[in-house]
J.: 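Mind having a look at this structure? Questions to follow.
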Amino acid sequence: QVQLVESGGVLVQPGESLRLSCAASGFSFSNHWMNWVRQAPGKGLEWIGTSFNDKRGYTDSVEDRFIISRDNAKNTLYLQMDMVKPEDTGVYYCTKNRGDWDDAMDYWGKGTLVTVSP
């Protein structure tokens, strides 16, 4: 059974840093593209970035501030968030791709809430 469990969401001030984690189980983590997706209050889903071993990709709005990493030995995906802004507020989801980088996301975690506020 595939499980994705996010953690690390907190209330932070603008300009601060935080790191989210996603513990994965029930599938071969190292063989799958993984993503972070967020949803701001009252808005739709926004893809943030993707990771497969040493490959990374990001949306423009976070590319210079966020870093996705993974520890395949621990089956864990990370999102390092630096210089956060109020517009980074939202629920952050870890997702698994069914196949290649452009394939569907077939499993989602329940999310972790990040609030950026003075």
Side-chain angles (χ1 to χ4, degrees):
Q1 180 182 0
V2 173
Q3 284 194 318
L4 300 171
V5 180
E6 303 93 338
S7 62
V10 293
L11 169 64
V12 293
Q13 295 188 351
E16 292 186 340
S17 298
L18 73 160
R19 187 176 78 162
L20 306 183
S21 300
C22 170
S25 61
F27 66 102
S28 180
F29 179 77
S30 63
N31 290 333
H32 284 272
W33 287 87
M34 300 292 295
N35 311 277
W36 286 100
V37 176
R38 69 183 177 188
Q39 185 168 31
K43 296 189 177 180
L45 295 167
E46 178 188 23
W47 172 82
I48 295 173
T50 191
S51 163
F52 179 73
N53 292 332
D54 61 345
K55 298 179 176 65
R56 303 286 185 272
Y58 301 93
T59 191
D60 289 348
S61 63
V62 308
E63 188 163 14
D64 294 333
R65 301 183 296 119
F66 293 4
I67 297 175
I68 295 175
S69 63
R70 61 196 293 163
D71 186 335
N72 287 338
K74 295 183 178 179
N75 291 343
T76 302
L77 183 74
Y78 301 101
L79 179 66
Q80 178 66 38
M81 304 170 62
D82 296 326
M83 295 299 293
V84 295
K85 304 175 181 180
E87 51 263 44
D88 294 322
T89 294
V91 178
Y92 284 69
Y93 299 95
C94 169
T95 77
K96 165 189 168 293
N97 273 20
R98 181 174 56 195
D100 210 344
W101 67 275
D102 57 350
D103 205 342
M105 301 178 196
D106 57 355
Y107 286 92
W108 294 61
K110 294 184 178 180
T112 187
L113 176 63
V114 173
T115 305
V116 183
S117 180

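Numbers for residues simply follow the sequence, beginning at 1.
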J.: About how many Å separate CG of Asn35 and OG1 of Thr50, when rounded to the nearest 0.5 Å?
T.: 4.0 Å
J.: As a quick check of understanding, evaluate side chain to side chain contact (heavy atoms under 4.5 Å, CB included) for Trp108 and Leu45, giving each step before the final call.
T.: CA-CA 12 Å; Trp108 294 61; Leu45 295 167; 3.8 Å; yes
J.: Are Leu79 and Trp47 linked, directly or through other ILVMFWY residues, by side chains that come within less than 4.5 angstrom of each other?
T.: no
J.: Do any N or O atoms from the side chain of Glu6 and from the backbone of Cys94 form a donor-acceptor pair under 3.5 angstrom?
T.: yes
J.: Looking at side-chain heavy atoms only, is the closest gap between Phe66 and Leu20 below 4.5 Å?
T.: no
J.: Under a 4.5 Å cut-off applied to non-hydrogen side-chain atoms, are Lys96 and Asp106 in contact?
T.: yes
J.: Please state whether the rings of Trp33 and Phe52 are parallel, tilted or perpendicular, taking 30° and 60° as the class boundaries.
T.: parallel
J.: Could you tell me the separation between the NE2 atom of His32 and the CZ atom of Arg98, rounded to the nearest 0.5 Å?
T.: 11.5 Å
J.: Rounded to the nearest 0.5 Å, how far apart are CZ of Arg70 and CZ of Phe29?
T.: 4.0 Å
J.: Can you tell me how far the CD atom of Glu16 sits from the NZ atom of Lys85, to the nearest 0.5 Å?
T.: 15.5 Å
J.: Please report the shortest heavy-atom distance between Pro41 and Gly90, naming the atom on each side.
T.: CD-CA, 4.3 Å
J.: Apply side chain to side chain contact (heavy atoms under 4.5 Å, CB included) to the pair Val12 and Met81, showing each step before the final yes or no.
T.: CA-CA 11 Å; Val12 293; Met81 304 170 62; over 6 Å; no
J.: What is the minimum heavy-atom distance between Ile68 and Tyr58, and which atoms define it?
T.: N-OH, 2.8 Å
J.: Might you point out which heavy atoms bring Gln13 and Val116 nearest each other, and give the distance in Å?
T.: C-CG1, 4.0 Å
J.: Any idea which heavy atoms bring Asp82 and Ser17 closest together, and the distance?
T.: OD1-OG, 2.8 Å
J.: Give a yes or no answer on whether the side chain of Tyr93 reaches the backbone of Gln39 with a donor-acceptor pair at less than 3.5 Å.
T.: no
J.: Report the C-alpha separation of Asn75 and Ser25 in whole Å, then their side-chain angles, then the decisive distance to 0.1 Å, and conclude whether the side chain to side chain contact (heavy atoms under 4.5 Å, CB included) test is met.
T.: CA-CA 7 Å; Asn75 291 343; Ser25 61; 5.9 Å; no
J.: Which pair of non-hydrogen atoms, one from Asn31 and one from Ser28, has the smallest distance, and what is that distance?
T.: ND2-OG, 2.8 Å
J.: For Val84 and Arg65, which heavy atoms make the closest approach, and how far apart are they?
T.: CA-NH1, 3.7 Å
J.: When rounded to the nearest 0.5 angstrom, what is the spacing between CD in Gln1 and OH in Tyr107?
T.: 8.5 Å
J.: Among Leu77, Thr95, Thr112, find the one that has a side chain to side chain contact (heavy atoms under 4.5 Å, CB included) with Cys22.
T.: Leu77
J.: State whether the side chain of Asn97 and the backbone N or O of Asp100 hold a donor-acceptor pair below 3.5 Å, judged by distance alone.
T.: yes
J.: OH/Tyr78 to CG/Asp71 distance, rounded to the nearest 0.5 angstrom?
T.: 5.0 Å
J.: Mind running side chain to side chain contact (heavy atoms under 4.5 Å, CB included) on Ser61 and Glu46 for me, showing each step along the way?
T.: CA-CA 10 Å; Ser61 63; Glu46 178 188 23; 3.5 Å; yes
J.: For Val114, does its backbone N or O pair with a side-chain atom of Arg38 as donor and acceptor, under 3.5 Å?
T.: no
J.: May I ask whether Met83 and Trp36 are part of the same hydrophobic cluster, defined by side-chain heavy atoms of I, L, V, M, F, W, Y residues being less than 4.5 angstrom apart, directly or through others?
T.: no
J.: Same cluster for Val91 and Met105 if Ile/Leu/Val/Met/Phe/Trp/Tyr side chains link at under 4.5 Å?
T.: yes
J.: Considering only heavy atoms from C-beta outward, does the side chain of Pro14 approach that of Pro86 to under 4.5 Å?
T.: yes
